[in-house]
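Data first, discussion second: the structure below is written as structure tokens.
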Amino acid sequence: MLVHLYEWQVLLLHFVRTNLERTSDFVPFLPAPYNFKTYPAMNREIWQKHQSTPLENAKAMLEKSHIECMELIETLPPKELFVKKHYKWCGNTSLGSYCVSATSSHYDWASKCIKKRVRSLKKV
């Protein structure tokens, strides 16, 4: 779960940093060949990639990416974060939506998954 959150934050950081530097030829949030219909396959790839990642490394990686995301978000004016279509590379949504998705909403999802797993283990 921790490396999943980490990898999605790395996607956010790459997406924002790269596109802020460009005036055209923007990069999509998800790397090719994935899109928002096929990202479950990307999540399986992330899972496979990190099967041997030690827990301590996963914690450190997530802490680092979280700090980087928070620092990046803090540099952006609220208008730029929450106005839909402010950036062409965000499509019809706002940059803030991407940020929320890769941070707080993802943390909420992960927390619910972990709690569900803990409950299921207690029943055994």
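For Phe29 and Trp89, the gap between ring centers reaches or exceeds 6.0 Å. Ring centers of His106 and His4: under 6.0 Å apart, within the cut-off. For Tyr107 and Trp8, the distance between ring centers is not under 6.0 angstrom.
The aromatic rings of His50 and Tyr6 sit perpendicular, their planes meeting at an angle over 60°, well past the 30° parallel limit.
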Could you walk me through whether Leu72 and Val16 pass the side chain to side chain contact (heavy atoms under 4.5 Å, CB included) check? CA-CA 9 Å; Leu72 176 64; Val16 176; 3.5 Å; yes

Full working for side chain to side chain contact (heavy atoms under 4.5 Å, CB included) between Ser120 and Lys116: CA-CA 6 Å; Ser120 73; Lys116 183 177 178 181; 5.8 Å; no

Would Leu5 and His66 satisfy side chain to side chain contact (heavy atoms under 4.5 Å, CB included), going step by step from the backbone distance to the final call? CA-CA 9 Å; Leu5 296 171; His66 171 78; over 6 Å; no

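With a 6.0 Å radius and a threshold of 12 heavy atoms from other residues, nucleotides or ligands, Tyr87 has its OH atom above the threshold. Heavy atoms from other residues, nucleotides or ligands lying under 6.0 Å from CD of Glu80 number more than 12. For CZ of Arg117, the number of neighbouring non-hydrogen atoms (other residues, nucleotides, ligands) closer than 6.0 Å is 12 at most.
Contact check for Trp109 versus Met1: side-chain heavy atoms found under the 4.5 Å cut-off. Residues Leu76 and Leu20 are in side-chain contact: their nearest non-hydrogen atoms beyond the backbone lie under 4.5 Å apart. You'll find the side chain of Leu95 stays beyond 4.5 Å of the side chain of His86, heavy atoms only. Side-chain contact between Asn19 and Arg22 is present, with at least one heavy-atom pair separated by less than 4.5 Å. Proximity of Met42 to Pro31: side-chain heavy atoms (C-beta onward) are separated by under 4.5 Å at one or more points. With a 4.5 Å cut-off on side-chain heavy atoms, Met61 and Thr53 count as touching. Looking at heavy atoms from C-beta onward, Asn92 lies out of side-chain contact with Lys84 at the 4.5 angstrom threshold.
Of the inter-residue distances, the one linking Leu13 atom CG with Ile73 atom CD1 reads 8.5 Å to the nearest 0.5 angstrom. Note: His14 NE2 to Leu11 CG = 8.5 Å, rounded to the nearest 0.5 Å.
Here the closest non-hydrogen pair linking Pro28 and Phe15 is C-CD1, 3.7 Å. Across all non-hydrogen atoms, the minimal contact from Cys99 to Leu12 is CA-CD2, 3.9 Å. Taking all atoms of both residues into account, the shortest heavy-atom contact from Gln9 to Cys69 is CB-SG, 3.7 Å.
Of the possible polar contacts, one joining the Gln51 side chain to the Trp47 backbone as a donor-acceptor pair under 3.5 Å is found. No donor-acceptor pair closer than 3.5 Å links the side chain of Thr93 to the backbone N or O of Cys90.
Look at Lys64 and Glu68 and you find a salt bridge, because one of the NZ, NE, NH1 or NH2 atoms lies within 4.0 Å of a carboxylate O, short of that distance.
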